[in-house]
K.L.:
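Mind having a look at this structure? Questions to follow.
This chain uses plain numbering: 1 for the first residue, then up along the sequence.
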Amino acid sequence: MHAGPRPRTPAPALALALTLAMLAEPASAASFFGENHLEVLVDTVLTNIDLQLQFSTSQREALLLLAAGPADHLLLQLNSGRLQVRLVLGQEELRLQTPSEMLLSDSVLHTVGLTMSGGWAWLSVDGLLNTSAPVTGGPLKVPYGLFVGGTGSLGLPYLRGTSRPLRGCLHAATLNGHSLLQPLTPDVHEGCAEEFSAGDDVALGFSGPHSLAAFPPWSTRDEGTLEFTLITRSQQAPLAFQAGGQHGDFIYLDIFEGHLRAVVEKGKGTVLLHNGVPVADGQPHEVSVHIDAHQLEISVDQYPTRTSNRGVLSYLEPRGSLLLGGLDAEASHHLQEHRLGLAAGAVSVSLLGCMEDLSVNGQRWGLREAWLTRNMVAGCRPEEDEYEEDAYGPYEVFSTLAPEVWPAMELPEPCVPEPGLPPVFDNFTQLLTISPLVVAEGGTAWLEWRHVQPTLDLREAELRKSQVLFSVSREPRHGKLELDIPGVRTRQMFTLLDVVNRKARFVHNGSEDTSDQLVLEVSVTAQGPVPSCLRRGQTYLLPIQINPVNDPPRVIFPHGNLMVILEHTQKPLGPEVFQAYDPDSTCEGLTFQLLATGPVERRDKPGEPATEFSCQELEAGSLVYVHSGGPAQDLIFRVSDGMQASSLATLKVVAVRPAIQIRHNTGLRLAQGSAALVLPTNLSVETNAVGQDVSVLFRVTGALQFGELQKQGSGGAEGAEWWATQAFHQRDLEQGRVRYLSTDPEHHAEDMVEKLTLEVQVGQETLSNLSFPVTVQRATVWLLRLEPLHTQNTRQEALTTAHLEATLEEAGLSPTTFHYEVVQAPKKGNLRLQGMRLSEGQGFTQDDLQAGRVTYGATARASEVVEDVFHFRVTAPPHFSPLYTFPIHIGGDPDAPVLTNVLLSVPEGGEAILSADHLFVKSLNNASYLYEVMERPRHGRLAWQGTQDKTIMVTSFTNEDLLHGRLVYQHDDSETTEDDIPFVATRQGEGSGGTAWEEVRGVFRVAIQPVNDHAPVQTISRIFHVARGGQRLLTTDDVAFSDADSGFTDAQLVLTRKDLLFGSIVAVDDPMRPIYRFTQEDLRKKRVLFMHSGADRGWIQLQVSDGQHQATTLLEVQASEPYLRVANDSSLVVPQGGQGTIDTAVLHLDTNLDIRSGDEVHYHVTAGPHWGQLLRAGQPATAFFQRDLLNGAILYSHNGSFSPRDTLAFSVDAGPMHTDATLQVTIALERPLAPLHLVQHKKVYVFQGEAAKIRRDHLEAAQETVPPADIVFSVKTPPSAGYLVMLSHATPAAEPPSLDPVKSFSQEAVDAGRVLYLHSRPEFWSDTFSLDVASGLGAPLKGIHMELEVLPTTIPLEAQNFSVPEGGTCTLAPPLLRITGPYFPMLPGLVLQVLEPPRHGALRREEDPQNRTLSTFSWREVEEQLIHYVHDGSETRTDSFILWLMPQRWTARAIPYPLPSPSCLSTTSPLSSPQTQACRCGRGALCPSL
């Protein structure tokens, strides 16, 4: 920048005058809100520049002004609070900039002047800064114009990297004396908005449907917090939105049904979190949102809800602005792309209310920090309570797609009739009285007369219902209006007559909104006198009231319905795996139900299957999936809201073998005598777990030489003790709870290396021989003296240099001092420095020892000598010592109490004396102690001997009571084996000021000796079947008993049998030896064999004894011919696409053969399965053994089809016996199979005596996954005026197609146009036939009635005579010319050709500037009254002309399909009778086509 001449007053000279008028007088201030700008779009060449700006803003980046050309440009902007000026003229560029210490983003008014004249440029700021620089190049060419406050849609290369649009005030802006702030646009407001000066203590007020505030991005790298106080009555409103990353990630917070809800999208999964505190009550509510890599939490008024700590979230890189109170178009589109279904209209829906005390990541923000604002106000407005949210349309919630929100309108506009109308129109204002249309959610309702009832008598007004025409101006947002009228697709209109005939119905789309509306344009097409407003049309708003229906909840799988788990591990189940969504219910009211008992357990109840759990338990992370081996079991479940349940959902689970890989193994280095943490950066492994925090166990398999591995207890809490360990988890490493402690006190000449040999286990997979090296740096400080301390009880003894003294290894070195660090404090006393207790990490110096400032005192008295120690190391930086142990000998105290505590044995239900041999406290000098019971026994009571009152409980007693045997323990006869009594004993005679060591605490234990007081009870009793003359094992499957006594075993139950007349019971290993006594254990281990001989039926009398009690039972024996059968109720339930185990519970084998091995029964598949396959060891199998069923090794694997059933047939062989069996497999579909339904069912039109195709748009039935060829229609009632025929496939090309009568046909034939109706009885003008349709899956549809309407082969054109004054005109329009019937007027492209024109006039089109005589015109022009007959003024009485009506297109047809023929019409003037004739075209190769 160079100094230049003093600026002179520039003479403004514009080479091209500004075409937009600029006022010379100063304009008022203008407010820009971060997305607005002003444009002066003129071609301009500036030779001299005098630019004056006055502005105030809090933005550090803001674009102030741009004069734009293709390359030339002048740019003024704030960058980091500094003003930057860039002027480009041709190839030359000039840059001016304010210094860094002069910030202009302080919301203070600043004045900037820029002058360019005579080859120099001057810049001044607030009169404090004046700089200049030479300017080279030609004049500034800016044909694109001037841009103030922003660049708009201008996209030029030199604009990359420019500042954001201005958010602040421009108080003045002039260029060469002309104001740049006139005129303002609607988005740039006059005056300086109050919000620009609002501090962070002023609330953000959201005042309208488009309100929005955009702030700098919300970073959540480590953690993110968003806090504010919310005041609103909005039931549905967005609160905050932050986009992130490149994969569609985002964080979204809104109000849903009056409660807060947060959504986090990461990758391909969605996490949904609700808070149950209502906020839409107009009261202040403190809102806090916290998110980190592990957890999402919403708190309202200090009541939090959070996701469980499972690491389901991850860091979200923010992209774009943080949006508060509303959504812009990009954010709304962003949510739609991620299946959240926010309507496009939702971008205009905002919060109505305010946010106070806004804080983002702990930093207070206000309106001054916003980058962009729309319709915002400073502070909470009291008028907020008067806002009507419904005026802007309901806020679109999840899973609702809708068109845009309607703008506001006043309906209908009042009608003012013209003078001279019939009296019926007196006081007339509107044609219709509107009543709301009521429809059930997802249902259909007819538009009826009562909804659109006329306000006047149509007959008196000479109006027909068909002349009141409705057209839909705006469709409803939550449904559609369906019209059952021919040609409606092209016209989109209906009449009042259609309403009366129930031709119009509203179909709701099932959304949750309770209101909707339909905007109708209503006009009258009558020829008579009616108010002009009715011809123009009136606009009516038809309210639609939707009665809500409870929707069933549904299951959402955010990451898909496949879960991978490592074998023999457990995996948490939470919202990241599956969720419940119900628009009608909150999470508190939803319950999940598993279809069968599975591997789901609660964390606090391990081993207990959970078959039902709440949505809250799922969100709290209270559930786990436990894999115990074998193929993983899929979870089939549903969710219920108490009234309705969802369809079955299947979570497919795959168990994979764990793979373990070393991630870090750097080893450890520490000084001798010290400890070092083993962290994941030193030692860690990784597995193939997918989304699973798997437990990794490390075990030490070798002995350690120089130290020990320790783990800290109590969760790693500060002060928790370290204990030696041989095993730890990787989670312990992550929490800093594992360390290596060097304990070797020996002197070494070099560093030592300890090699830890480890074994790593995940599930049941292990990785062995992992070596972890620990390098121990040798010590150089040693002890000259280490003498034990001798003390007497609790007396404080000093430690001096006579006990401890350190020195360095090298004699020549003399450190300033030695510091003794306590590594582990003594446990039976306290080490003190000048009276202050020393704990781990603290210490003392050599000087403290010399001065006697270190003392030790025992904390407990003992009657005998006890030992205590503390561990320490000595440092003299940079030198250190090994870890040393200092021994302490504590002498005995004859006054210390001695406790005797011996186990008391009591028989079950009995009692025993509690004597001094079992419990006694005494010292050498005192034996007087009082015992207090701290907690009563759980299975008995303490009582005085001889007391009969069982309600009296002894809670205190003395040594005297124990010595005299006055105390007894009485058992409550429960089946328990132990009891305990906590107590505290204190010396009697001591006051409350007695010392604490005179108190002795302990637990007295009682052993309960079980008593056999329960008789055996039979639990299994079945008829014992045996082959006649054969033998069979007798097992606990045939007869079994149980005993309620504790400690019961099968070996204690002895069964004795009497002599048998129909067989014998022998030992399996010696069939020649009869046995009369055997145990239940013998039955369970299959050691007893029954051999039949004699009668076919009998009873075995068995006497059962447990040694004291006896019971008798009879076992019925039934002998018959050998048989082998499988239970006929065998069935299996398998999820769609999943697997199910076929075991003995599914295929239950019933036989009287002596089968002792699972290999003796062989199964062979003879038929099926059709929709899956059998697997054994993962391979397809068609044969297997009973052993495979017992082991659960046979699986049925479904192929994922939609068939709800499958069947397998087996042949079963066991020795000489053979049988057949059938297994029914029920497929639990992921969702209910959609029923067969009609897609199209419409009337068929056929020409008289012709054939008509039954097309797809006439008749269509469909069902999910079923091809059209499998959907078959059966004719139940044939047509009476014709035949149903089908075009044959086998027709040669050279011959006409053959038509075969049919009784059934498929949807495929209908789609191909091969099904026809052939009309055969000309006297009938209508016909019907009925059909049934079935697909083979689900219920068929019956009684489908098809209607046919027969049309004449000639287009029925009719004409009436008409009169015309000489030289006058007459309009050719209905009813003078009309086509009868409903079908033909709907044909597109009907054309009338003038075969013979009028002789005394002409046919002309209205408003034809050339006034040409017509030779052809369309039927639509006739209906629109555009065609006129014009008389030529001659002295004639009659005239006539001939018209020919035909469709516009003609095509050649090879077979006689139903085609209309053109009509010929001759018409004359009224002075003679009209001549009307219908002419048919010849039946040649060309005929008119529809």
K.L.:
Quick check against the 3.5 Å criterion: does D634 have a side-chain atom that pairs as donor or acceptor with the backbone of V653?
P.N.:
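Present.
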
K.L.:
What heavy-atom pair brings P1169 and D1206 nearest, and what distance separates the two atoms?
P.N.:
CB-OD2, 3.2 Å

K.L.:
Between D301 (side chain) and E286 (backbone), is there a donor-acceptor pair under 3.5 Å?
P.N.:
yes

K.L.:
Measure from the side-chain N and O atoms of Y303 to the backbone N and O of N275, and report whether any donor-acceptor pair falls under 3.5 Å.
P.N.:
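Between the backbone of N275 and the side chain of Y303 there is no qualifying donor-acceptor contact (under 3.5 Å).
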
K.L.:
What are the two closest heavy atoms between L709 and L704, and how far apart are they?
P.N.:
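The pair with the smallest heavy-atom distance is N-CD1, 3.7 Å.
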
K.L.:
Under a 3.5 Å distance rule, please check whether Q579 uses its side chain to pair with a backbone N or O of P575 as donor and acceptor.
P.N.:
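Here the side-chain-to-backbone pair exists.
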
K.L.:
Under a 4.5 Å cut-off applied to non-hydrogen side-chain atoms, are L635 and F592 in contact?
P.N.:
no

K.L.:
Would you say R739's side chain and Q710's backbone share a donor-acceptor pair under 3.5 angstrom?
P.N.:
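Absent.
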
K.L.:
Using a distance-only test with no angle check, is there a side-chain donor-acceptor pair under 3.5 angstrom linking S614 and Q616?
P.N.:
no

K.L.:
State, without any angle test, whether S640 and Q593 hold a side-chain donor-acceptor pair at a distance under 3.5 Å.
P.N.:
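Distance-only check fails for S640 and Q593.
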
K.L.:
Is any side-chain heavy atom of L239 less than 4.5 Å from a side-chain heavy atom of L226?
P.N.:
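A side-chain contact under 4.5 Å is absent here.
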
K.L.:
Verify side chain to side chain contact (heavy atoms under 4.5 Å, CB included) between D249 and R319, making sure each step is shown before the conclusion.
P.N.:
CA-CA 9 Å; D249 302 340; R319 180 175 60 84; over 6 Å; no

K.L.:
Would a line drawn from the ring center of F578 to the ring center of F637 be shorter than 6.0 Å?
P.N.:
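That pair passes the under 6.0 Å test.
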
K.L.:
Quick one: is the NZ or CZ of R1176 closer than 6.0 Å to the six-membered ring centre of F1184, and within 45° of its axis?
P.N.:
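No.
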
K.L.:
Could you tell me whether a side-chain N or O of Q633 sits under 3.5 Å from a main-chain N or O of P599, the two making a donor and an acceptor?
P.N.:
no

K.L.:
Ignoring hydrogens, what is the shortest heavy-atom contact between T757 and N769? Give both atom names and the distance.
P.N.:
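Minimum heavy-atom separation between T757 and N769: CG2-CA, 4.3 Å.
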
K.L.:
Do Q761 and E759 meet the criterion of a side-chain donor-acceptor pair at a distance under 3.5 Å?
P.N.:
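No.
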
K.L.:
Could you pull out all residues at least two apart from R663 that satisfy salt bridge (charged side-chain N to carboxylate O under 4.0 Å, His left out)?
P.N.:
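Scan of R663 (salt bridge (charged side-chain N to carboxylate O under 4.0 Å, His left out), adjacent residues dropped) gives none.
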
K.L.:
Looking at every non-hydrogen atom in both residues, tell me the closest pair between E567 and P658 and how far apart they are.
P.N.:
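So the two residues come closest at O-CG, 4.0 Å.
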
K.L.:
Quick check: does any side chain N or O of E223 sit under 3.5 Å from a backbone N or O of N361, one acting as donor and the other as acceptor?
P.N.:
no

K.L.:
I'd like to know if the side chain of H559 pairs up with that of E576 as donor and acceptor (distance under 3.5 Å, no hydrogens or angles considered).
P.N.:
no

